[in-house]
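Written below as structure tokens is the structure these notes are about.
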2 protein chains.
Amino acid sequence: MATQPMATGRPATIHDIAALCGVAASTVSRALANPERVNIRTRERIQAAAVELNYTPNSQAKALSSGRTGAVGVLVPDITNPFYFDLIRGTQLQLKAAGYTQLLVDTEESDEVEASTLEQLRKSADGVIVAASRLNDEALAAAAARMPMVTVNRDVDGVPAVIIDTPSAMPQALDHLISLGHTSVAYVSGPAVSQSSARRWIALSEAAEERRVAVRSIGPFAPKTQSGAAAADAAVHSGVTACIVFNDLIAIGMLQRLRERGLRVPEDMSIVGCDDIFGADFCNPPLTTMSSPIEQAGRVAVSMLLAQLNPLAGGGNRSRSVMPTHLTVRGSTGPVPTN
Amino acid sequence: MATQPMATGRPATIHDIAALCGVAASTVSRALANPERVNIRTRERIQAAAVELNYTPNSQAKALSSGRTGAVGVLVPDITNPFYFDLIRGTQLQLKAAGYTQLLVDTEESDEVEASTLEQLRKSADGVIVAASRLNDEALAAAAARMPMVTVNRDVDGVPAVIIDTPSAMPQALDHLISLGHTSVAYVSGPAVSQSSARRWIALSEAAEERRVAVRSIGPFAPKTQSGAAAADAAVHSGVTACIVFNDLIAIGMLQRLRERGLRVPEDMSIVGCDDIFGADFCNPPLTTMSSPIEQAGRVAVSMLLAQLNPLAGGGNRSRSVMPTHLTVRGSTGPVPTN
DNA sequence: CAGCGCATGGCAATCGGTTGTCAAGAGCGT
DNA sequence: ACGCTCTTGACAACCGATTGCCATGCGCTG
């Protein structure tokens, strides 16, 4: 009645296996974890019993005694932002392949939620991947000191990072616009606390200076399509003929708003987005934007984190990985208006 | 050296609190879990100490001893399908509000992945929410017998379900098309194992019969934009003037393909989607589709699951909840071609 | 004042593993 | 044949909490 090896009973434990094989539970544990430390005959008996009882280890108990949870937290500011889809899918696939579980958390664009999530994850995950952190450098570095971490699109001293190098495509985007005759360009910026937005603006303004073209920054705007209306109005008011926009979400919102106002894209205004998210290719007009292998970024982030967790395994610990980016030209950019 | 109440040491445990207050660990546990079972003075001392030491309970240990994990699994077939964004956000918000952690898993449209995930979750979660299951009724019922479960868009005997009642909008959609003069309509079906797709087809064909209109089914097609090309070609070949499509992903793909082929929507072909996903309002032309409060569906699913987990709490256990759906008319439907 | 009951809090077992320690036994060389 | 080393597996402590059981001590009642 105490231990019942029925298939439909409660899940089997190592004790059930031990009883079935006539060995101690600790031997079962070793046979499964360090097979070479156990006699091959015993081991095979144990493994057979494990299969027979349909044994799967209890992850809670394993975590408690070993200190390793087998879980990795993935923090994104907004799970409904399509930019993160591919990232999440990349991390999920790579984590699963390595036998880890992904704990996905939406931090709701809030530094407080992010901080408390990190604190909680400290005990329930072996490491974290933090995408587009809203935390300041100090808080993020402190959190990274407490548990293995990899950031995405965020540089902090001592914290390994995967950087999606959108800034490197800024000169391409600007050249594209210049070749179409534009000389007055606005950067539509994202959240004030977004390092991505800051880096994109710096890259753009440097490129503009080299090329002796005027660019101004407007914003900040929240990274949502709804913000696109205000952004579009601000852009129109500023008198520019082209916008490079922090991300595609805002850019798509601008497309909609400009249409409402009776302005044509690209005839009256050219729009360049960033990220090439789901929807950028089928909006109206299709969006000229900057593309990156986002899913791969997720995979790389996981690899870097796992390298931290198992320092023994091969592959030197890269501390920074840069994903290439390129301009994808579609229909939202065109010649400067001639009026 | 053993216990050090420093802020930066390892996380505080109930033993640290017990030592600081001069009580037993079990008393601390009670003071925190069943405050009324402990003297108010003692309790307050303990609570103060807990705050001072920045105590947060170890969820693994709690799970191990109590049997409750405080986690709920959420299974979706494809995390990059925008349909699930709002659902996921709804479950996430509601679970967080109830103090639960969400374990999100992408089952990759595979019944095997889904089954093994469910088996694993059995030990690491208190319950699961399964959206658009690819499992057969038998397997799903078996899994539901082993752990609390709520399904989304899937009816299985004895398993509580949230149904997004898209079928109820099928007559509306058909009437809309008929009023525009269409008499030859195709249903573009989704995965063969999708109960949603089957239900939509049944509702549509019944409505068509009542109205004495011909509808045919083409497909099945995978629920991805890429499938839209084949679907569009099949629709054109079948000679219909309008399509009602299993979901917006395929519908958007069809829009793109029809444009490539030089066919105009809605002048040459009308398209109706399902789900009103992200992108349906800004594709070209904007998609006529069927809308539902998806985020609310997620919240309701969580409520139903929590009602199973804590039967004591108020709110009778509804076993089936139906979310209303309505037709949202946009630009992808128009009068039947007059040639 | 005796006796009863209840509020309180301590002890210890338990959850399911991991891991350090140690004894027993096998196999080897001399 | 003796003794050494190395392999093997058992024992038990431990991870951090929960929880049933029990002892203490208080206040109340008769």
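No hydrogens, no waters, no symmetry mates; every other heavy atom, side chains included, goes into these values.
Side-chain atoms of A:Tyr55 and A:Pro11, non-hydrogen and from C-beta on, never get closer than 4.5 Å to each other. Looking at heavy atoms from C-beta onward, B:Val150 lies out of side-chain contact with B:Val159 at the 4.5 angstrom threshold. Put simply, the side chain of A:Gln102 reaches to within 4.5 Å of the side chain of A:Ile88, judged on heavy atoms. Two residues are said to be in side-chain contact when any heavy atoms from C-beta on lie closer than 4.5 Å; A:Thr101 and A:Leu95 fail this criterion. Contact check for A:Ile129 versus A:Val302: side-chain heavy atoms found under the 4.5 Å cut-off.
Between A:Ala161 and A:Asp155, the shortest heavy-atom contact is CB-OD1, 4.0 Å.
A 6.0 Å sphere centred on CD of B:Glu138 holds no more than 12 heavy atoms belonging to other residues, nucleotides or ligands.
Within residues 63-70 of chain B, the residues having any heavy atom under 4.0 Å from DNA chain C are, by residue number, B:Leu64, B:Ser65. Listed by residue number, the members of residues 25-45 of chain A with any heavy atom below 4.0 angstrom from DNA chain D are A:Ser26, A:Thr27, A:Arg30, A:Arg37, A:Val38, A:Asn39, A:Thr42.
Looking at B:Asn81, its side chain never comes within 3.5 Å of a backbone N or O of B:Asp78 through a donor-acceptor pair. Looking only at distances, a side-chain donor or acceptor of A:Asp126 sits under 3.5 Å from a matching main-chain atom of A:Thr69.
In this model, no donor atom of one side chain and acceptor atom of the other lie less than 3.5 Å apart for A:Lys123 and B:Ser59.
Sequence neighbours left out, the pairs with a member in residues 105-119 of chain B that pass side-chain hydrogen bond (donor to acceptor under 3.5 Å, both in side chains) are A:Arg89-B:Asp106, A:Lys96-B:Glu108, B:Glu109-B:Arg134, B:Glu114-B:Ser133, B:Glu119-B:Arg122.
The nucleotide range of DNA chain D contacted by chain A, defined by atoms under 4.0 angstrom from heavy atoms of the protein and reported 5' to 3', is D:dT8 to D:dG16. In 5' to 3' order, the nucleotides of DNA chain C bounding all contacts with chain B (an atom under 4.0 Å from a heavy atom) are C:dT8 to C:dG16.
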List, one per line, each side-chain donor-acceptor pair under 3.5 Å for residues 19-28 of chain B, sequence neighbours excluded.
none

